[in-house]
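Owing to the predicted nature of the structure, the values given are computational and were not obtained by experimental measurement.
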Amino acid sequence: MAREWFLIELLLISSLIVFGQCAKIGICYGRNADDLPTPNKVAQLVQLHSIKYVRIYDSNIDVLKAFANTGVELMIGVPNSDLLPFSQYQSNVDTWLKNSILPYYPATMITYITVGAEVTESPENVSSLVVPAMVNVHNALKKVGLHKRIKVSSTHSLGILSRSFPPSAGAFNSSYAYFLKPMLEFLVENESPFMVDVYPYYAYRDSRKNVSLDYTLFSSTAPDVIDPNTGLVYTNMFDAQIDSIFYALMALNFKTLKLMVTESGWPNKGAISETAATPDNAQTYNTNLIRHVVNDSGTPAKPGEEIDTYIFSLFNENRKPGIASERNWGLFYPDQTSIYSLDWSGRGNVDISTGANITSSNGTWCVASANATEADLQNALNWACGPGNVDCSAIQPSQPCYQPDTTASHASFAFNSYFQMNGANDVACSFGGAAMKTTKDPSYDTCLYANSSKLSKMNSSTSEVQTGTARMISRLSILELAGLVSLLSFGIVFDIIAIALRAIRAIALHSASTSALTPLLIQRVFFVQLVIISVHFNMYNVHFVVELFIIL
């Protein structure tokens, strides 16, 4: 029996371990901009939004220091420009590791090193340098005993494929075989993932006649796409692109290699021709992507597969060349306020069936105007928290709405509180032109903004609860009173009858010697008394049961 119990416990523990894991969602932190907050502020922003995984594209010392002791896991990178020295001499890599990584590890939790980024897209022919550089980085880590804790890989674009549709026909471009095959062998040998950047947006932008917007946004209204070779049904472009990579790997007999998405996202702004590059579409795509990943939905070819995914990007990067969308993939403005809200837990704030922002019909909020000066916002904030009688405790240090610690963020919370307190009318959202109304909920994480619609519903619900409670108390009181009156009435009647019977029995006992019928009368009277006592006792039982019924 003990053996059976041991096996059962082992199975339970194993199931907890298996089901306790889930795919990870991270964020890419690019810094190709001249208006970004300091790394320390970025680290605070990441923690504020409970983001646990961050990818950077180099090994910048200030960034490594900023993320020390935060619990955030970092993926750092070796830029393409460093591939030549990293591939030529092991000593170059050993020195880099000693000076740039080891002084900050493990306080800064580095878990991956990407050697090169999308090398097939690079104007310089550096593809041949990637694997030698990866080997040297791995060897450097092995020397200090970190090769099991820090994994080495390289990232790729979907351009590495020669075919991607249908997914089952996915195949790598044969011209890359000279470096790709040894790279895949390296990844398998060292249990590192194959890293790929996946962008359904480009598939839609470049082929609108063949790809629907709904299909790229994970919308449930999108038409299904069936792979004619496998019969597998695809409901979104992300899965189709991922499976094209899986099938390309399988074609080379790398069936067990784990896949990781190191970039995916949607631009919030674009050129005039890029009509799909909007904040609403970006919010829809990223929300649905997070939900898809954290639920371990997997893909049609790999159902339930955990696919760790990094969203691109933390900020817009105004120094990037190219079409307008290239500079506008960010989730946050430089002042750390959100371009659009995003729920990292996977619960989502977008209606997955329509892709619409569900907050747009649930009320109105009042926030700081983007055109207001810092001085105007500060003056309005001081007034709201002073003469305006707004409770501004939530924007004090260590409170839910303190971060991001900016005047615009604090002002938005105070403006909205005043707006909701005063009837949510236009006059209450003026503040001398420093405020503006919005239908998008500015709430984030545990910082919740009041809402006129929600307040109305809350008040209505509270009123209903109070009315229902009063009715219940009234009902209880009436029933209780009726029960007590009936109990007392019946009790008094039965008590009078019992006293009379006691008297008859006493008289009968006194005259027992004078009549032959008296003993029989005594017996009958005694029996009736027992019946009355029983009924009387049961009346209390009935009353008790009725009370229980009323209460429950």
Side-chain angles (χ1 to χ4, degrees), residues 27-36 57 118 121-123 157-159 164-165 197-219 221-223 225 236-238 240-241 263-290 310-342 349-352 354-361 367-372 408 433 436-442:
I27 187 75
C28 297
Y29 172 23
R31 304 192 314 282
N32 194 2
D34 53 20
D35 56 354
L36 298 183
Y57 295 81
E118 296 187 349
E121 306 293 327
S122 174
S157 72
L158 280 182
S164 61
F165 184 83
D197 300 339
V198 177
Y199 286 103
Y201 170 75
Y202 290 131
Y204 170 75
R205 187 193 69 180
D206 299 337
S207 186
R208 296 185 192 180
K209 292 181 180 179
N210 301 317
V211 179
S212 76
L213 182 61
D214 285 346
Y215 187 63
T216 58
L217 293 175
F218 295 88
S219 173
T221 60
V225 176
N236 62 82
M237 177 61 77
F238 180 83
Q241 292 181 332
E263 285 183 13
S264 191
W266 197 280
N268 58 69
K269 186 180 178 181
I272 295 176
S273 60
E274 296 181 290
T275 56
T278 66
D280 283 344
N281 285 342
Q283 182 187 46
T284 299
Y285 177 81
N286 285 327
T287 298
N288 291 341
L289 174 62
I290 292 173
Y310 286 74
I311 291 178
F312 187 86
S313 176
L314 201 57
F315 301 103
N316 290 336
E317 296 175 83
N318 64 345
R319 290 208 306 244
K320 276 194 169 184
I323 196 167
S325 62
E326 289 298 311
R327 294 179 287 280
N328 292 285
W329 293 79
L331 304 181
F332 298 94
Y333 292 112
D335 67 359
Q336 303 167 69
T337 57
S338 298
I339 296 176
Y340 52 87
S341 59
L342 198 61
N349 59 349
V350 170
D351 186 342
I352 199 167
T354 64
N357 179 358
I358 62 171
T359 61
S360 62
S361 61
V367 296
S369 172
N371 298 322
M436 57 179 282
K437 291 196 297 182
T438 179
T439 56
K440 291 185 179 180
D441 190 350

Do [X] and [Y] touch side chain to side chain, with heavy atoms closer than 4.5 Å?
| X | Y | result |
| --- | --- | --- |
| Tyr215 | Val225 | yes |
| Gln336 | Leu314 | no |
| Leu342 | Ile290 | yes |
| Arg205 | Ile323 | yes |
| Phe315 | Tyr333 | no |
| Arg31 | Leu36 | yes |
| Val198 | Glu263 | no |
| Asp35 | Asn318 | yes |

Enter the distance from [X]:[atom1] to [Y]:[atom2] here, rounded to the nearest 0.5 Å.
| X | Y | atom1 | atom2 | result |
| --- | --- | --- | --- | --- |
| Thr278 | Asn328 | OG1 | CG | 12.0 Å |
| Phe238 | Leu289 | CZ | CG | 5.0 Å |
| Ile311 | Leu331 | CD1 | CG | 6.5 Å |
| Ile339 | Lys269 | CD1 | NZ | 10.0 Å |
| Asp441 | Thr438 | CG | OG1 | 9.0 Å |
| Asp214 | Thr221 | CG | OG1 | 3.5 Å |

Please report the closest heavy-atom contact between [X] and [Y], naming both atoms and the distance.
| X | Y | answer |
| --- | --- | --- |
| Cys28 | Phe312 | CB-CD1, 3.7 Å |
| Ser212 | Pro223 | OG-CD, 4.0 Å |
| Ala324 | Ala271 | CB-N, 3.5 Å |
| Glu326 | Lys320 | O-CD, 3.4 Å |
| Met237 | Pro200 | CG-CB, 3.7 Å |
| Ala368 | Ala408 | CB-O, 3.7 Å |

(message) Between Trp329 and Tyr199, is the ring centroid distance below 6.0 Å?
(response)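 Ring-ring flag for Trp329/Tyr199: true, centres closer than 6.0 Å.
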
(request) Please check if the distance between the ring centroids of Tyr204 and Tyr201 is under 6.0 Å. (result)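 Here the rings of Tyr201 and Tyr204 have centres that are no less than 6.0 Å from each other.
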
Establish, from distance only, whether the side-chain atoms of [X] and [Y] form a donor-acceptor pair under 3.5 Å.
| X | Y | value |
| --- | --- | --- |
| Ser207 | Asn210 | yes |
| Asp335 | Thr337 | yes |
| Asn268 | Asn316 | yes |
| Gln241 | Ser164 | no |
| Ser264 | Tyr285 | yes |
| Ser157 | Glu118 | no |

(message) Asp280 vs Lys440, test: salt bridge (Lys or Arg N to Asp or Glu O under 4.0 Å). Steps then yes/no.
(response) CA-CA 10 Å; Asp280 283 344; Lys440 291 185 179 180; 2.8 Å; yes

(request) Step by step, work out the side chain to side chain contact (heavy atoms under 4.5 Å, CB included) result for Asn236 and Thr216. (result) CA-CA 6 Å; Asn236 62 82; Thr216 58; over 6 Å; no

Sub-3.5 Å donor-acceptor pair from the side chain of [X] to the main-chain atoms of [Y], do we have one?
| X | Y | answer |
| --- | --- | --- |
| Arg327 | Glu317 | no |
| Asn288 | Thr284 | yes |
| Ser338 | Ser341 | no |

(request) Decide yes or no on side chain to side chain contact (heavy atoms under 4.5 Å, CB included) for Asn32 and Tyr57, but give the supporting numbers first. (result) CA-CA 10 Å; Asn32 194 2; Tyr57 295 81; over 6 Å; no

